[in-house]
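Below: one structure, written as structure tokens.
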Amino acid sequence: MQKHHVIIDADPGIDDSLALLVALQSPMIEVIGISIVAGNVPTDIGVANALKVLREVDRLDIPVFAGATTPWTHEYVSAQDTHGMDGMGDSQMPPVTDVSASPLDAQAGYKTLLQAHDDVWFMALGPLTNVAQSLKTQPELWSHVSRFIVMGGAYQTNGNTSPVAEYNFWVDPDAADYVFQNSPLMIE
């Protein structure tokens with residue numbers, strides 16, 4: 001079975017850290033890069049958490065790209081009240097010191113990965129700030145993406161942040177709106 005190449009954009013608090021662990025162990029997908037967006041935790045903490053997850057599954061070969069540190073226009077509000085100050089339930093996991101994040105930012109990382117691969121799946125697990133920026137500044141790269149999966153919003157239920165808002169879209173509603181208005185792909 002051929003594995004699908006996947007880029008994951010995340011804000012690794014507890015939930016996205018677990019999602020990364022599952023994705024990294026899946027026999028169906030090959031994670032080729034992880035980008036980090038400000039969401040559950042600030043971007044620098046998210047980068048540290050992604051590296052911790054990669055260390056746990058011996059995959060520190062996968063590049064981690066730091067992305068947006070703030071939403072497009074709204075004030076940034078983390079979810080550290082839920083995920084702990086370290087984003088991992090105050091786990092006290094030691095930092096990864098033998099490998100660091102890629103020197104490329106998320107936008108340059110997308111360019112590198114998408115120019116090198118066709119038929120890439122893109123999974124956005126956090127606020128859509130990095131995705132919106134990519135669609136706005138380098139839309140031609142999205143011709144290499146064959147499937148676009150977004151974790152956000154709520155259907156026929158209340159949001160988890162307010163009665164009408166789910167956290168990922170609440171953090172950066174302008175980016176979410178831009179993505180939904182400008183995505184060249186059907187969003188799953």
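- Atom NE2 in H4 sits 5.5 Å away from atom CE in M28 (nearest 0.5 Å).
- The minimum heavy-atom distance linking D11 with P127 is given by the pair OD2-CD, 3.5 Å.
- Sorted by first then second residue, the salt bridge (Lys or Arg N to Asp or Glu O under 4.0 Å) pairs that include residues 20-40, not counting sequence neighbours, are K3-E30, E30-R59.
- R55 and P94 get closest at one heavy-atom pair: NH2-O, 2.8 Å.
- Counting heavy atoms from C-beta on, the side chains of I8 and D16 never come closer than 4.5 Å.
- Proximity of a side-chain donor or acceptor of S134 to a complementary backbone N or O of Q107 within less than 3.5 Å is not detected.
- In this structure the side chain of K136 never reaches within 4.5 angstrom of the side chain of N182, judged on heavy atoms.
- Going from atom CG of D119 over to atom NE2 of H144 covers 11.5 Å, rounded to the nearest 0.5 Å.
- For the pairing with M123, the side-chain contact (heavy atoms from CB on, under 4.5 Å) check across I34, I149, V31, L20 returns one residue only, I149.
- Scored by the side chain to side chain donor-acceptor pair (under 3.5 Å) test, E188 finds R147 as partners (sequence neighbours excluded).
- Residue pairs meeting the ring-ring contact (aromatic ring centres under 6.0 Å, His included) criterion with at least one member in residues 74-96, sequence neighbours excluded, do not occur.
- Grouping the Ile, Leu, Val, Met, Phe, Trp and Tyr side chains by contacts below 4.5 angstrom, directly or via other members, places M85 apart from I45.
- Grouping Ile, Leu, Val, Met, Phe, Trp and Tyr residues whose side-chain heavy atoms lie under 4.5 Å apart, directly or via other members, leaves M186 alone, with no other cluster members.
- Enclosure of atom CG in D61 by more than 12 non-hydrogen atoms of other residues, nucleotides or ligands within 6.0 angstrom is indicated.
- Residues D15 and N40 bring a donor and an acceptor atom of their side chains to less than 3.5 Å of each other.
- Nearest heavy atom pair, residue A38 against residue V171, reads O-CG1, 4.3 Å.
- Among all heavy-atom pairs drawn from G152 and E166, the shortest one is CA-OE1, 3.3 Å.
- The two residues W121 and S146 come nearest to each other via the heavy atoms CD1-OG, 3.4 Å.
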Please output the side-chain donor-acceptor pairs of residues 46-53 that fall under 3.5 Å, not counting sequence neighbours, one pair per line with the distance.
unit_1: N49; atom_1: ND2; unit_2: P12; atom_2: O; d: 2.8
unit_1: N49; atom_1: ND2; unit_2: D86; atom_2: O; d: 2.9
unit_1: K52; atom_1: NZ; unit_2: M93; atom_2: O; d: 3.4

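- Taking both residues in full, the closest heavy atoms of L54 and L24 are given as CD2-CD1, 3.7 Å, listed atom of the first, atom of the second, then distance.
- Transitive grouping of hydrophobic side chains (ILVMFWY, heavy atoms separated by less than 4.5 Å) brings Y167 and V77 into a common cluster.
- For N130 (side chain) and I36 (main-chain N/O), a donor-acceptor pair under 3.5 Å exists by modelled atom type.
- A distance of 12.5 Å separates CG of L21 from OG of S26, quoted to the nearest 0.5 Å.
- Other residues, nucleotides and ligands place no more than 12 heavy atoms under 6.0 Å from the CD atom of E75.
- With a 4.5 Å cut-off on side-chain heavy atoms, P71 and D174 do not count as touching.
- Taking a 4.5 Å side-chain heavy-atom cut-off between Ile, Leu, Val, Met, Phe, Trp and Tyr, the cluster of L128 extends to I7, I32, F65, W72, L104, Y110, L113, L114, V120, F122, V131, L135, L141, W142, V145, F148, V150, F169, Y178, V179, F180, L185, I187.
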